[in-house]
Amino acid sequence: MKKELIKIIEDSLKTLGIEAIPTIEVEVPPNESLGDLATPVAMSLSRTLKKSPREIAEELVNSVGDKAAFEKIGIAGPGFINFTFSKEYLYSEIKNLLRDKGKFLREDIGKGRRVQIEFVSANPTGPLHLGHGRGAATGEALSNLLEAAGYKVEREYYINNAGKQVKLLGLSVFARYQQLLGAEYPFPEEGYRGGYIEEIASTIIKEKGEKYIKAEFDEVSDFFIDHSYGIMLSRIKEDLKDFGITFDTWQSERELYGEGDVKRAIYDLKTKGLIYEKDGAIWFKSTPFGDDKDRVIIKKDGEYTYFTSDIAYHRKKIERKYDELINMWGADHHGYIPRLKAAVEALGYPKEKLKILLVQMVTLLRGGEPVQMSKRAGEFVTLREVIEEVGVDTTKFMFLTRRPDSHLEFDLEVAKSQSSENPVFYVQYANARINSIFAHTKEKGINTDRLCDADFRLLSTPEELRIIRKLLMYPMMFEGAVNSLEPHRITFYLQELSGLFHPYYNKYRVVNDNVEMTRARLALCEAIRIVLQDGLTILGVSTPEKM
RNA sequence: GCGCCUGUAGCUCAGUUGGAGAGAGCAACUGCCUUCUAAGCAGUGGGUCAGGGGUUCGAAUCCCUUCAGGCGCGCCA
């Protein structure tokens, strides 16, 4: 719809002999009585052509070639050109949708380009909390969206299993282990205090008995660390699975050390003269690449920093030759962006290749009161608890009806009390109702084959035409969502589409005495169902047959 | 102190990358189930787009500034 219009506008500009044709912008007019689509192009041409916008608009309108596609073309306001498509055009497009939905719904924007999306990547030192859930839902929806747009998408989870944090996890479990067996052992100051630490300690007792009692931690640390983080990681995987999130690859931080990636990264920087020593530590000269200070990559005590392995990690990503890299981070890591981009650029890669999307914090409330989310203190509500309390689809929709970079207040009481009113059900219900209509046709023995051949001219009520127009907007909305990397646009679109269907359903009977009319309306319902299911699938939300 | 994000209806949030008279859901109130699912429908009320300047044909959107909230500024991850 949009593409065709742009072409028509371009053609008529050419007929007018205008040489410098700008990128034609097309938008939806604020009021539907004005038309289906509008362009402000006359206004932007006004300056270069030294003519008034309305004058240009009139010339442009007069030179439109394909008049049959439009019912009317009007000029309004300061010089907007409003296009109202003809019914014939709408009918032929809806027919295309039904005939070949893949071709209609999909815009091949990616053209097979490879993109890797790294998201969640929570430290395996505790269960996933709600903030991780937001990243998970958003990352999954974005991945699905890009995949639908013709990108080859790889979803990756980066496992921080090498540093101080997993060591602290091991030590926390070790301390609990000793305490459970009645041995005196001081719990680490900064240790993880959640109940899961004790659970892990108990399983170790069950499996290994008192084998490690009164041992030195340093001697058994490998076991405690590996065992503990292994359990945490498998729990995280369970949580993600139950939340409906899948990953293609799991990159381990340890592996980067084991396979020499870290050494190679340092070597690369060294040969570029970007490494120096100061105060007993080794530094990476990141300031020439836009960072505000240089960064330590090997500490005084000989240990690497987290940043060092991250450099290696991103070097490896780039070596894998993705056309684009997307990292989805919690917004609390935003200060880390300049240094990582500096590293990417220092290694000789264009930093535009790496896009870092921030997902803002989730403030968890219960009845208006903030709930603590500190992992260390062990007081936090897990993602699992939330989805058990309010449901997977509702939780996802809570996240996907918001811009990722907006702060979000998630009140458990509100989420629960509203869960039956949640917009997700409104959309799913529209789909379920349509299923129900088709179930009804079966009982009545109505032929639902080849609905694309129905007589669309029978769809002439304002409601029906409005629905058709909305359906035809889907590709335009889809393209916008892809280009801006904003899956939440789909969420809003689906609500709007459902908001047209429900009143229609209420006012008109799809299955009625007129066979041809029934088939035409069934065709419309089928088209709605196709779009609803496509959108919900991209969002990672289920499409129940019945509700 | 510096940097990033946010401020739109009572509440939670959209606002198509600068477009036309500012939207949705929830909450409140009034009606609608013997016919394809009432998780629905029809209707009513609700705004200084945080404040102030600027840029231009045109600003919730861009720039400056003030205020408010959140988050960062480690040889932690």
Side-chain angles (χ1 to χ4, degrees), chain A residues 25-31 34 38 40 43-44 46-47 52-53 76-80 82 123 125 160 162-166 168 190 253 279-283 292-293 295-301 303-307 309-310 330-338 358 360-361 363 368 398 401-403 405-411 414 417-426 428-430 432-441 443-444 473 476-477 479-481 483-484 486 488-489 491-493 495-496 498-499 501-512 518 521 525 546-547:
Chain A
E25 301 200 31
V26 170
E27 58 208 33
V28 180
N31 187 329
L34 290 168
M43 275 122 79
S44 39
S46 162
R47 185 170 295 174
S52 80
F80 287 99
N82 294 315
N123 283 352
T125 53
N160 295 121
K164 212 173 189 171
Q165 300 300 326
V166 282
L168 190 58
E190 298 280 295
E253 182 185 5
D279 304 332
I282 305 295
W283 297 69
D292 51 2
K293 55 180 118 169
R295 305 292 171 178
V296 169
I297 56 168
I298 302 176
K299 295 186 264 184
K300 207 157 42 181
D301 62 7
E303 298 273 318
Y304 296 103
T305 64
Y306 173 79
F307 182 44
S309 51
D310 230 11
D332 51 338
H333 289 77
H334 74 262
Y336 196 75
I337 295 174
L358 297 178
Q360 272 293 349
M361 314 269 85
T363 311
M398 284 290 257
T401 41
R402 280 144 176 99
R403 271 192 353 267
D405 61 350
S406 69
H407 300 262
L408 164 57
E409 290 194 353
F410 195 111
D411 193 314
V414 174
S417 72
Q418 289 184 1
S419 71
S420 63
E421 314 269 350
N422 189 293
V424 72
F425 295 111
Y426 188 75
Q428 289 176 325
Y429 189 49
R433 268 183 156 171
I434 293 173
N435 286 337
S436 168
I437 294 171
F438 278 91
H440 186 68
T441 61
E443 287 168 23
K444 290 223 164 193
M473 291 291 180
M476 183 175 167
M477 177 284 302
E479 187 190 350
N483 289 333
S484 58
E486 289 178 350
H488 74 273
R489 292 192 191 191
T491 323
F492 284 91
Y493 172 88
Q495 289 184 66
E496 287 161 14
S498 306
F501 170 72
H502 286 302
Y504 173 67
Y505 175 89
N506 218 261
K507 189 167 172 183
Y508 301 95
R509 282 197 61 84
V510 173
V511 178
N512 55 46
T518 298
R521 288 183 174 172
C525 287
K546 286 184 195 171
M547 286 176 73

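FYI, side chains are in, hydrogens and waters are out, and symmetry mates aren't considered; it's all heavy atoms of this structure. We name chains A, B, ... by the order of the sequence lines, and we start the count at 1 in each one.
When the C1' atom is used for both B:rG54 and B:rU61, the distance is 15 Å, rounded to whole Å.
Base pairing analysis places B:rC76 opposite nothing; no Watson-Crick or G-U wobble pair with both distances below 3.5 Å involves it. B:rC36 is unpaired under the Watson-Crick or G-U wobble criterion, no partner having all donor-acceptor distances under 3.5 Å. Pairing for B:rA28 goes to B:rU44, judged as Watson-Crick or G-U wobble with the two contacts each under 3.5 Å. Pairing for B:rA20 is absent, with no Watson-Crick or G-U wobble pair whose two atom distances lie under 3.5 Å.
Across all strands shown, A:Ala430 has no heavy atoms under 4.0 Å from either base or sugar-phosphate atoms. A:Ser484 comes within 4.0 angstrom of a nucleotide base, judged by non-hydrogen atoms across all strands.
Without hydrogens or angle criteria, A:Asp301 side chain to A:Glu303 main chain gives a donor-acceptor distance under 3.5 Å. Looking at A:Thr125, its side chain never comes within 3.5 Å of a backbone N or O of A:Val166 through a donor-acceptor pair.
The aromatic ring of A:Tyr429 does not sit over the base of B:rG40; the criterion of centres under 5.5 Å apart with planes under 30° is not met. Ring stacking holds between A:His333 and B:rA77, with the centres under 5.5 Å apart and the planes within 30 degrees of each other.
The base of B:rA77 is not paired with the side chain of A:Asp332 by any donor and acceptor separated by under 3.5 Å.
If you check B:rC13, B:rG19, B:rA77 against the side chain of A:Tyr306, the one that comes closest is B:rA77.
Within the 4.0 Å cut-off from OP1 or OP2 of B:rC41, at least one side-chain nitrogen or oxygen of A:Tyr426 is found. Side-chain nitrogen and oxygen atoms of A:His488 include at least one within less than 4.0 Å of the OP1 or OP2 phosphate oxygen of B:rG15. Look at A:Lys507 and you won't find any side-chain N or O under 4.0 angstrom from OP1 or OP2 of B:rG40.
The side-chain hydrogen bond (donor to acceptor under 3.5 Å, both in side chains) search around A:Ser309 returns A:Glu253, not counting sequence neighbours.
Side-chain contact of A:Thr305 with A:Arg295: a donor-acceptor pair under 3.5 Å is absent, judged by distance alone.
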